[in-house]
Amino acid sequence: MVCEKDPLVQKVCELYEQISGLESLKPSRDVNMLFTQLVVTCMPPSPIDVTKLCKRIQEIRSKLIRLCGEAEGLLESHFSTILGSYENPPHHLNIFPYYSNYLKLSLLEFNILTKHCSNLPSKVAFVGSGPLPLTSIVLASFHLTTTSFHNYDIDPSANSKALQLVSSNPDLSERMFFHTTDIMDVTNALKDYDVVFLAALVGMDKDEKVRVIDHLAKYMAPGAVLMLRSAHGARAFLYPVVDPCDLRGFEVLSIFHPTDEVINSVVIARKFPMTKHSADQQQPTKLPNKFFDIEMFNPLNHVNLMEELDIQEQLS
């Protein structure tokens, strides 16, 4: 069992103590410094399995994920306010310190999506879009240039800030929509989307995440695609992990673990067709070997080619 004696765990616990002692998680010199240290600590590929952490460290990990989520939300809100003051906010997105990461992550997600879908989606939902919906904006601007994006967030303030970013842009304002609601209250409308993106911080722990996934499995259209963000190795101290067994009602198509500065893993799954056999299907199917063609990921140039293959172990 991984415990306090592990140097990486010790460092993470030390940073957790400092972060949890901060008066505020709003962007500041101390907040930025501590979270940068945390990301740098967790970023290198690591064999650590967070499911084998002792109870105390599991509790710290859960609290740390929530602190990371709160800090990320405050950071996005801060920069969304600044960007909203510009005449054409999408032209200034590079002032956000992690914008280049979103460019890489969005390209990765687009490549994965086109690998498994014969047609580009006409209508996409992004669940948990937040005050700075960079994934939607980047995909709409550079990759899915005719697709409409329906962004869902439970926070009206977040949606107000997000709308301000695209309202002055003739193209994006026509294709980006914002819905202030809990996704658990959205039912039949989910059938309208070819692809649903689920943000990493929707469902901060395993139970919450699985409830959301089960809800999507119930109401998404048969054959529609679900794209999720997960975490792998030590990066699971920063974000929740989605395991293949969590995706009941879906066929898991691919899982990809970046090894560069893109923190999130990417999971793509397809809702089973509504046949009698698949309606009773409770577990995702095993992946055929054809899903391990990694040529599509070459544009990132930071790929550990073996990372994607370990889904075979996760599904066995």
Side-chain angles (χ1 to χ4, degrees), residues 2-83 93-105 128-135 155 157-158 161 199-206 208-209 229-241 257-265 302:
V2 179
C3 63
E4 290 93 331
K5 293 181 181 179
D6 185 286
L8 187 150
V9 173
Q10 287 180 337
K11 180 63 176 175
V12 168
C13 289
E14 174 189 321
L15 289 167
Y16 164 74
E17 292 298 332
Q18 295 179 67
I19 290 169
S20 60
L22 293 168
E23 290 185 8
S24 170
L25 294 178
K26 291 181 178 180
S28 68
R29 186 176 62 84
D30 288 343
V31 169
N32 297 346
M33 178 188 68
L34 287 172
F35 278 101
T36 297
Q37 287 183 33
L38 179 63
V39 171
V40 168
T41 299
C42 297
M43 186 184 296
S46 167
I48 194 168
D49 182 350
V50 295
T51 65
K52 296 180 180 177
L53 298 169
C54 61
K55 184 178 179 181
R56 174 178 171 269
I57 305 302
Q58 289 277 17
E59 291 173 353
I60 287 175
R61 174 179 170 255
S62 295
K63 293 175 182 176
L64 190 56
I65 287 173
R66 292 187 181 275
L67 289 170
C68 288
E70 182 182 348
E72 189 171 311
L74 291 168
L75 181 71
E76 290 185 3
S77 182
H78 173 77
F79 277 94
S80 185
T81 299
I82 295 173
L83 284 163
L93 294 176
N94 62 337
I95 71 168
F96 185 66
Y98 302 107
Y99 179 57
S100 63
N101 288 26
Y102 277 91
L103 290 176
K104 289 182 177 182
L105 179 56
S129 47
L132 188 59
L134 282 175
T135 300
D155 181 2
S157 172
K161 289 177 184 290
L201 294 172
V202 174
M204 290 282 204
D205 61 31
K206 176 70 75 176
E208 291 176 16
K209 184 78 74 176
R229 291 171 182 175
S230 181
H232 184 64
R235 299 170 182 217
F237 282 109
L238 308 174
Y239 291 102
V241 174
H257 301 304
T259 57
D260 62 354
E261 63 271 22
V262 175
I263 300 298
N264 289 118
S265 300
H302 290 289

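Both backbone and side-chain heavy atoms feed into the values below; hydrogens, waters and symmetry mates do not.
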- Which residues share a side-chain hydrogen bond (donor to acceptor under 3.5 Å, both in side chains) with Y98, sequence neighbours left out: none
- Item | With sequence neighbours excluded, residues passing side-chain hydrogen bond (donor to acceptor under 3.5 Å, both in side chains) with E208 | R66
- Message: As a test of understanding, state which of V39, L38, L64 forms a side-chain contact (heavy atoms from CB on, under 4.5 Å) with L15.
- Response: L38
How long is the span from the [atom1] atom in [X] to the [atom2] atom in [Y], to the nearest 0.5 Å?
{"X": "L8", "Y": "C13", "atom1": "CG", "atom2": "SG", "answer": "9.5 Å"}
{"X": "I82", "Y": "F96", "atom1": "CD1", "atom2": "CZ", "answer": "10.5 Å"}
{"X": "Y16", "Y": "I60", "atom1": "OH", "atom2": "CD1", "answer": "6.0 Å"}
{"X": "L105", "Y": "E261", "atom1": "CG", "atom2": "CD", "answer": "11.0 Å"}
{"X": "L53", "Y": "I48", "atom1": "CG", "atom2": "CD1", "answer": "5.5 Å"}
{"X": "S80", "Y": "L75", "atom1": "OG", "atom2": "CG", "answer": "11.0 Å"}

Verify, without hydrogens or angle tests, whether [X] (side chain) and [Y] (backbone) share a donor-acceptor contact under 3.5 angstrom.
{"X": "R235", "Y": "V262", "value": "yes"}
{"X": "E76", "Y": "P133", "value": "no"}
{"X": "K209", "Y": "M204", "value": "no"}
{"X": "T41", "Y": "Q37", "value": "yes"}
{"X": "N94", "Y": "Y99", "value": "no"}

- Query: Mind checking what makes ring-ring contact (aromatic ring centres under 6.0 Å, His included) contact with F35, not counting sequence neighbours?
  - Reply: none
- Message: Going by side chain to side chain donor-acceptor pair (under 3.5 Å), S265 matches just one of H257, H232, R229. Which one?
- Response: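 The residue from H257, H232, R229 that satisfies side chain to side chain donor-acceptor pair (under 3.5 Å) with S265 turns out to be H257.
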- Can E59 and R56 be counted as an ion pair, charged N to O under 4.0 angstrom? no
Looking at every non-hydrogen atom in both residues, tell me the closest pair between [X] and [Y] and how far apart they are.
{"X": "Q18", "Y": "L34", "answer": "OE1-CD2, 3.4 Å"}
{"X": "K206", "Y": "V241", "answer": "NZ-O, 3.3 Å"}
{"X": "P131", "Y": "G73", "answer": "CG-O, 4.1 Å"}
{"X": "A231", "Y": "Y239", "answer": "CB-O, 3.8 Å"}
{"X": "G69", "Y": "L201", "answer": "CA-CD1, 3.5 Å"}
{"X": "Q58", "Y": "T51", "answer": "NE2-O, 3.5 Å"}

- Item | Residue pair S62, D205: steps toward the side-chain contact (heavy atoms from CB on, under 4.5 Å) verdict | CA-CA 7 Å; S62 295; D205 61 31; 5.5 Å; no
- Mind running side-chain contact (heavy atoms from CB on, under 4.5 Å) on E17 and E14 for me, showing each step along the way? CA-CA 5 Å; E17 292 298 332; E14 174 189 321; 6.0 Å; no
Return a table of donor-acceptor pairs under 3.5 angstrom between the side chains of residues 22-31 and protein atoms on other chains or two or more places apart.
from : atom 1 : to  : atom 2 : distance (Å)
S24  : OG     : K26 : N      : 3.0
S28  : OG     : V31 : N      : 3.2

- Please, which pairs that meet ring-ring contact (aromatic ring centres under 6.0 Å, His included) have at least one residue in residues 42-73, sequence neighbours excluded?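 Residue pairs passing ring-ring contact (aromatic ring centres under 6.0 Å, His included), neighbours aside: none found.
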- Partners meeting side chain to side chain contact (heavy atoms under 4.5 Å, CB included) with S157 (sequence neighbours left out): D155, K161
- Task: Indicate yes or no: at least one non-hydrogen side-chain atom of P97 is less than 4.5 angstrom from one of F79.
- Result: yes
